[in-house]
Amino acid sequence: MPNKRRKVSVIGAGFTGATTALMTAQQELADVVLVDIPDMEDPTKGKALDMLEASPVQGFDANIIGTSDYQDTADSDVVVITAGIARKPGMSRDDLVATNANIMKQVTDQVVTYSPNCHIVVLTNPVDAMTYAVYKQSGFPKNRVIGQSGVLDSARFKTFIAQELNVSVKDVTGFVLGGHGDDMVPMLRYSSVGGVPVETLISKKRLDEIVERTRKGGGEIVGLLGNGSAYYAPAASITEMVEAILKDQRRMLPAIAYLEGEYGYHDMYLGVPTILGGDGIEQVIELDLNEDERTQLDQSAESVKHVMHVLDNQD
Ligand SMILES: NC(=O)C1=CN([C@@H]2O[C@H](COP(=O)(O)OP(=O)(O)OC[C@H]3O[C@@H](n4cnc5c(N)ncnc54)[C@H](O)[C@@H]3O)[C@@H](O)[C@H]2O)C=CC1
Ligand SMILES: O=C([O-])CC(=O)C(=O)O
């Protein structure tokens, strides 16, 4: 039975936002409110109506509306923030920081006003710093402000491992630690296929190439699309996180979490393994890292701090 009382608002009705709205409705996780700026109100209503009209064909029961009025988002259980600009070929995610930081402030104020008890899941890039900005602006407790990177980065990593071995993606486990940038840390030591460590199945040379392709996975899609960035796998990743929260699943998923000493970092958001459930990030899982992993994670954390400092200087 669908739980029609649950409500998910998706801010930003572009590629990632619209796809997230559709996946959330298709899986009957909640009714969905898709929000964009007033100038985009009609296209946003149009997208929502178009999705709703798919529901009899696919047989899902979920209402979907498009709007630019935050009153429609009132009392959301989860608010997903995808509003902002995406990069184009030749840009890094960090090039988006100034524009998107301002958008985060405006959006967060509205979200907090209308849904003071919601969980916020942030997608907008550069996502580690944007999640931090939303956390500070919202005044919410840290468990209720969460960023998405690790589910997507891990999905890319697992896709490439499955392709390499010509096996089902279902049997591949693995995850990626650190910031959502080119120095993220795919964790080979904790990756396996059907329980067998990947390092015993794939040569070091090929694994190094898979790690590198994972790190640049977003850029690979940006280069191919030519006028925007990935949205199917990002939306699937957000939807998995939303489901974990709404269904109180206590999934162990990598997410961008606020750290207060975990992994030795303070007052910053970074991608780490978490328990994600009805209270949002219920726990950060701390792993023993070897020297190489620690060096890589420190480097990734430094990159995130660098972008966060750009934010500080804007205030
Ligand atoms: N964290 C991650 O893993 C990923 C992050 N992203 C990021 O997500 C963001 C969105 O990407 P796309 O959906 O592809 O971009 P898009 O350009 O298709 O959509 C963005 C939408 O946000 C809207 N918007 C702008 N300002 C707004 C405001 N103040 N209030 C409400 N809506 C507003 C725009 O009108 C537009 O419809 C980008 O910053 C992108 O880099 C994308 C993929 C993965
Ligand atoms: O690469 C980008 O700009 C969008 C993104 O974060 C991703 O697809 O990982």
Side-chain angles (χ1 to χ4, degrees), residues 1-36 40-83 111 114-115 117-123 146 148 151-152 154-156 158-159 162 167-173 221 225 228-253 255 276-278 280:
M1 274 290 287
N3 185 346
K4 299 200 88 177
R5 300 287 155 328
R6 310 315 290 273
K7 182 168 173 179
V8 170
S9 292
V10 181
I11 318 300
F15 286 112
T16 57
T19 314
T20 301
L22 181 60
M23 288 182 178
T24 300
Q26 281 172 327
Q27 295 180 33
E28 296 184 327
L29 298 179
D31 290 338
V32 180
V33 180
L34 187 57
V35 183
D36 211 292
M40 295 296 290
E41 179 158 285
D42 280 350
T44 304
K45 284 182 190 296
K47 285 183 192 184
L49 182 59
D50 190 15
M51 289 178 207
L52 190 64
E53 289 166 357
S55 65
V57 183
Q58 295 196 311
F60 61 85
D61 281 316
N63 196 31
I64 312 168
I65 63 162
T67 184
S68 64
D69 182 349
Y70 278 86
Q71 273 187 16
D72 294 325
T73 70
D75 300 321
S76 295
D77 296 285
V78 178
V79 174
V80 174
I81 300 182
T82 75
V111 170
Y114 289 100
S115 299
N117 300 314
C118 72
H119 291 85
I120 303 179
V121 185
V122 181
L123 189 79
I146 307 151
Q148 188 306 117
V151 175
L152 172 64
S154 306
R156 288 181 175 143
K158 290 186 272 191
T159 302
V167 296
S168 166
V169 289
K170 290 179 186 165
D171 293 325
V172 183
T173 58
I221 307 271
L225 292 180
S229 51
Y231 48 102
Y232 294 115
S237 304
I238 283 274
T239 306
E240 183 172 55
M241 294 172 76
V242 169
E243 180 180 30
I245 296 166
L246 289 178
K247 294 186 178 170
D248 190 17
Q249 287 176 322
R250 287 182 57 78
R251 296 282 311 275
M252 195 192 288
L253 294 175
L276 195 59

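Note that this is a predicted model, so its numbers are computed, not measured. Both backbone and side-chain heavy atoms feed into the values below; hydrogens, waters and symmetry mates do not.
For residues 13-25, no pair satisfies salt bridge (Lys or Arg N to Asp or Glu O under 4.0 Å), with sequence neighbours left out. Counting only residues at least two apart or on different chains, the salt bridge (Lys or Arg N to Asp or Glu O under 4.0 Å) pairs with a member in residues 66-80 are Arg6-Asp77. Note on residues 12-23: no pairs pass side chain to side chain donor-acceptor pair (under 3.5 Å), not counting sequence neighbours.
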Exercise answer: donor-acceptor pairs, residues 45-55 side-chain atoms, under 3.5 Å, sequence neighbours excluded:
residue	atom	partner	partner atom	Å
Lys47	NZ	Ala13	O	2.6
Ser55	OG	Leu52	O	2.5

Using a 3.5 Å cut-off and no angle test, enumerate the donor-acceptor pairs between side-chain atoms of residues 241-250 and protein atoms at least two apart in sequence or in another chain.
residue	atom	partner	partner atom	Å
Glu243	OE2	Lys247	NZ	2.8
Asp248	OD1	Gly278	N	2.8
Gln249	OE1	Ala244	N	3.4
Arg250	NH1	Glu282	OE1	2.5

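Applying the side chain to side chain donor-acceptor pair (under 3.5 Å) criterion to Ser9, with sequence neighbours excluded, gives Ser76. The side chain to side chain donor-acceptor pair (under 3.5 Å) check on Gln71 picks up nothing, with sequence neighbours excluded. Taking Phe15 as the reference, Tyr231 meet the ring pair (Phe, Tyr, Trp, His ring centres under 6.0 Å) condition, with sequence neighbours excluded. Every side chain to side chain contact (heavy atoms under 4.5 Å, CB included) that Ser68 has, sequence neighbours left out, goes to Pro38, Glu41. For Ala230, the side chain to side chain contact (heavy atoms under 4.5 Å, CB included) partners are Arg156, Ile221, Pro234, not counting sequence neighbours.
Among all heavy-atom pairs drawn from Leu34 and Thr44, the shortest one is O-CG2, 3.4 Å. The minimum heavy-atom distance linking Val169 with Ala162 is given by the pair CG1-CB, 3.6 Å. Across all their heavy atoms, Val33 and Lys7 have their closest contact at CG2-CE, 3.7 Å.
A donor-acceptor pair under 3.5 Å is absent between the side-chain atoms of Gln148 and the main chain of Ile238, judged by distance alone. Judged by distance alone, the side chain of Thr82 and the main-chain N or O of Gly12 form a donor-acceptor pair under 3.5 Å. Between the side chain of Ser115 and the backbone N or O of Thr73 there is at least one donor-acceptor pair closer than 3.5 Å. Checked by atom type and distance alone, the side chain of His119 pairs as donor or acceptor with a backbone atom of Gly280 at under 3.5 Å.
In this structure, OH on Tyr232 lies 15.0 Å from CG on Leu152, to the nearest 0.5 angstrom. Rounding to the nearest 0.5 Å places CD1 of Ile146 at 13.0 Å from CG of Leu123.
Counting heavy atoms from C-beta on, the side chains of Asn63 and Val32 never come closer than 4.5 Å.
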